[in-house]
Amino acid sequence: MQRARVSQISAYENEAVEIRGWLYNMRSSGKLHFLQIRDGTGIIQAVVFENDVPAKVYAACGELSQESSLIVRGTVRREPRSPQGYEMGVTDIEVVQHAADYPITPKEHGVGFLMAHRHLWLRSSRPHAILRIRSEVVKACRDFMDEQGFTLIDAPIFTPAACEGTSTLFEVDYFGDKAYLTQSGQLYSEAAALAFGKVYCFGPTFRAEKSKTRRHLTEFWMIEPEMAYCDLAEDMTVAEALVAYVIKRVLDNRSAELEVLQRDTGLLQKATPPFPRISYTEAIELLHERGSDIQWGADLGGDDETILSAEFDRPVLVHRYPRQVKAFYMKTDPSDERLALCVDMLAPEGYGEIIGGGQREDDLHVLEERLTEHALPREPFEWYLDLRRYGSVPHAGFGMGIERVVAWLCGLHHVRETIPFPRTLSRLYP
RNA sequence: UCCGGCGUAGCUCAGCUGGCAGAGCGGGUGGCUGUUAACCACCAUGUCGUAGGUUCGAGUCCUACCGCCGGAGCCA
């Protein structure tokens, strides 16, 4: 008997097939059992009628429990009464393993309970939909980079020093030396950009900050493109194109999953280029008009970002922040010494910063001054300074946080649902 | 680190002004030939986060601690 996947079930109408999966839910009515079977690609209803199967098979159905693994055989038929439009008329069932007392019932649970059972929760429809969208986002990012001529050059996870200071890093013992889990692959991407022209790295990133908000994880994934002979304007154009590409791919390929999440896709469909671009200084003026008392020179807080993004129906690029609130490697704006040639992209609907980047300081002596200003040790950055000694060029790049993008596309309240096994201040299990 | 909220059945929660520990769901048993988070009847569920204190009496009031959730700062 041929093995069918639930997602392809319409191709097997009126054929006898076998489905290997798990019992998602079950209802019974007299001499009928309705089994909701999931196989990872979807859910299909299998109907067991007492008169159609051997007594032993019908009796076995009565013993079934949620998430028992089983192989069902039967005939696929179109059936409007079935929740999925198709169902299987069962002729035989083989129980692979009987699962007793599955903890996650089809009723409501709190986030704490579900996260403690994350290894099982992945089987439920909501996480299933979110993680398939995440998978699509990741693939879209890689496809975009490939199509645009970028080379994947991944950065190390163990690093000898911080990109932006050591306070937020996880320290590990590295054969007696101190090492840190990476906070960004950017410095390494810069080295790679001067070798390959256009590169990106895509990997996990670690922050030891004790942030307890819906936008933070201690371990998250970031894609970081870096381009040689590139200025801030071109950097922003690439960032905009990447985000637009990802949105379109998710809308095109994951509409069923967005439907499961009841995401209003109208807002996503409107998010097409060009995205609005405003300077930090314009943003401050706008915030003042909206009643904020933020001072010029201060970094934008979460509330400020929410106010700003509410002004637009698509992501907004905020560029040229004050230099003092940005990292040491940001290039100074030649037309205004107070500013850095940097950019943040803020997602709509209060999802905050999804991209941060800018043009890098390419002058050796200025960069040395910046290291001193930021009180950073010189020695761990010698290799980085070499990049300015040997064929330095204007270059730029950015980092995009995958979880925040997925949270926005899915319309989620918290980023922890966008990663299979979230790591937060209070969660290292499972 | 700071501020706020919450810890009661397997889960989600109610429990008033201190007076016998509750509901729904889930589980078990039985019923139903089209269920849609099925429905109907019956059954069993407990270290009220922990440790002290006040009181004749504490789930309830007080103190400390622990855990979780959210926010701030910082960031993607």
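Within every chain, numbering begins at 1; the chains are lettered A, B, ... in the order of the sequence lines, protein sequences first and strands thereafter. Keep in mind that this is a model prediction, so the values were computed, not measured.
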> Do any side-chain nitrogens or oxygens of A/Ser426 fall under 4.0 Å of OP1 or OP2 in B/C69?
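Yes, such a contact exists.
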> Would you mind classifying the nucleic acid contact of A/Gly401 as base, sugar-phosphate or nothing, using non-hydrogen atoms under 4.0 angstrom?
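Answer is sugar-phosphate: A/Gly401 comes under 4.0 Å of backbone atoms only.
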> Kindly say whether, by distance alone, the side chain of A/His109 makes a donor-acceptor pair under 3.5 Å with the base of B/C11?
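Result: no qualifying N/O pair found.
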> Might you confirm whether atom CG of A/Asn51 has over 12 heavy atoms from other residues, nucleotides or ligands at distances under 6.0 Å?
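Correct, the count exceeds 12.
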> Compare the aromatic ring of A/Phe34 with the six-membered base ring of B/G34 and state whether they stack according to the 5.5 Å and 30° rule.
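Aromatic stack with B/G34 absent for A/Phe34.
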> Applying a 4.0 Å non-hydrogen cut-off, can you work out what A/Ser29 is touching in the nucleic acid: base, sugar-phosphate, or nothing?
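If one applies the 4.0 Å heavy-atom cut-off, A/Ser29 turns out to touch a base.
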> Just compare B/A76, B/G70, B/G34 and give me whichever is closest to any side-chain atom of A/Lys212.
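Given the options B/A76, B/G70, B/G34, the side chain of A/Lys212 is closest to B/G70.
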> Once you apply a heavy-atom cut-off of 4.0 Å, does A/Asp299 come out as touching a base, just sugar-phosphate, or nothing?
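Answer is sugar-phosphate: A/Asp299 comes under 4.0 Å of backbone atoms only.
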> Please verify the inter-ring angle class for A/Tyr321 with A/Tyr280; under 30° counts as parallel, over 60° as perpendicular, anything in between as tilted.
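The arrangement is tilted - the two ring planes meet at 30° to 60°.
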> Quick one: which of B/G70, B/U12, B/U35 gets closest to the side chain of A/Gln45?
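Out of B/G70, B/U12, B/U35, the nucleotide with an atom closest to A/Gln45's side chain is B/U35.
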> In terms of side-chain geometry, is the basic nitrogen of A/Glu18 or A/Arg20 positioned less than 4.0 Å from the acidic oxygen of its partner?
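A salt bridge links A/Glu18 with A/Arg20.
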> Considering only the P atoms, how many Å lie between B/C13 and B/G70, rounded to the nearest integer?
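B/C13 and B/G70 have their P atoms separated by 14 Å.
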> Say we look at B/G26 and B/A37: how far apart would their P atoms be, to the nearest angstrom?
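Those two atoms are separated by 13 Å.
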> Taking N and O atoms by type only, does the side chain of A/Glu50 place a donor or acceptor under 3.5 Å from a partner on the base of B/U33?
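No.
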> Looking at every strand, decide which applies to A/Glu79 at a 4.0 Å heavy-atom threshold: base, sugar-phosphate, or nothing.
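Base contact.
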> Let's see if you can work this out: which of B/G70, B/U33, B/G34 has an atom nearest to the side-chain heavy atoms of A/His414?
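When the side chain of A/His414 is considered, B/G70 is the closest of B/G70, B/U33, B/G34.
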> With heavy atoms under 4.0 Å as the rule, sort A/Ser82 into base, sugar-phosphate or nothing.
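Counting heavy atoms under 4.0 Å across all strands, the contact made by A/Ser82 includes a base.
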> From B/A72, B/U12, B/C75, pick the nucleotide closest to the side chain of A/Thr213?
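Given the options B/A72, B/U12, B/C75, the side chain of A/Thr213 is closest to B/A72.
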> Quick one: sort the A/Tyr200 and A/Phe202 rings into parallel, tilted or perpendicular, breaks at 30° and 60°.
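Tilted: the ring planes of A/Tyr200 and A/Phe202 meet at 30° to 60°.
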> Indicate, yes or no, whether a donor-acceptor pair under 3.5 Å links the base of B/G34 to the side chain of A/Glu87.
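Yes, the side chain and the base share a sub-3.5 Å donor-acceptor pair.
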> When you measure from the centre of the six-membered ring of A/Trp296, is the NZ or CZ of A/Arg338 closer than 6.0 Å and no more than 45° off the axis?
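Here A/Arg338 passes the 6.0 Å and 45° test against A/Trp296.
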> In whole Å, what separates the C1' atom of B/A14 from that of B/G53?
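The same atom, C1', in both gives a distance of 28 Å.
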> When rounded to the nearest Å, what value does the distance between C1' atoms of B/C48 and B/C20 take?
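After rounding to an integer number of Å, I get 15 Å for this pair.
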> Remember a base hit wins even if backbone is also touched, and classify A/Asp101 as base, sugar-phosphate or nothing at under 4.0 Å, heavy atoms.
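Contact class for A/Asp101: none.
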> Below 3.5 Å, does any donor atom in the side chain of A/Arg404 face an acceptor in the base of B/C75, or the other way round?
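Check passes, donor-acceptor contact within cut-off.
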> As a test of reading the structure: which of B/G71, B/C11, B/U33 is closest to the side chain of A/Phe113, going by heavy atoms?
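Of B/G71, B/C11, B/U33, B/C11 is nearest to the side chain of A/Phe113.
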> Looking at the side chain of A/Ser28, which of B/A72, B/A76, B/C32 is the nearest nucleotide?
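Between B/A72, B/A76, B/C32, the one nearest the side chain of A/Ser28 would be B/C32.
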> Expressed in whole Å, how much space separates the P atoms belonging to B/G19 and B/G59?
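Between the two P atoms, the distance is 10 Å.
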> Select one nucleotide: of B/U33, B/G73, B/G70, the one nearest the side-chain heavy atoms of A/Phe49.
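It is B/U33.
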> Start at the 5' end of RNA chain B and walk down; is the nucleotide closest to A/Arg427 or to A/Gly356 reached first?
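Nearest nucleotide further toward 5': that of A/Arg427.
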> Identify whether any heavy atom of A/Phe220 sits under 4.0 Å from a base atom; if not, whether one sits that close to sugar-phosphate; answer base, sugar-phosphate or nothing.
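Base contact.
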> Between the base of B/C74 and the side chain of A/Ser211, is there a donor-acceptor distance below 3.5 Å?
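Indeed, a donor on one side and an acceptor on the other fall under 3.5 Å apart.
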> If only side-chain N and O atoms of A/Arg214 are considered, is one of them under 4.0 Å from the OP1 or OP2 phosphate oxygen of B/G71?
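Result: yes.
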> Kindly assign one of parallel, tilted or perpendicular to the pair A/Phe113 and A/His109, based on the angle between their ring planes and the thresholds 30° and 60°.
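Judged by the thresholds at 30° and 60°, the geometry between A/Phe113 and A/His109 is parallel.
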> Could you tell me whether A/Pro103 contacts a base, only the sugar-phosphate backbone, or nothing, with contacts defined as non-hydrogen atoms closer than 4.0 Å?
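It contacts nothing in the nucleic acid.
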> So, A/Glu240 and A/Arg277, do they make that salt bridge, N to O below 4.0 Å?
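Salt bridge present between A/Glu240 and A/Arg277.
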> Side chain of A/Arg215: nearest nucleotide among B/C74, B/C68, B/G34?
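Among B/C74, B/C68, B/G34, the one nearest the side chain of A/Arg215 is B/C74.
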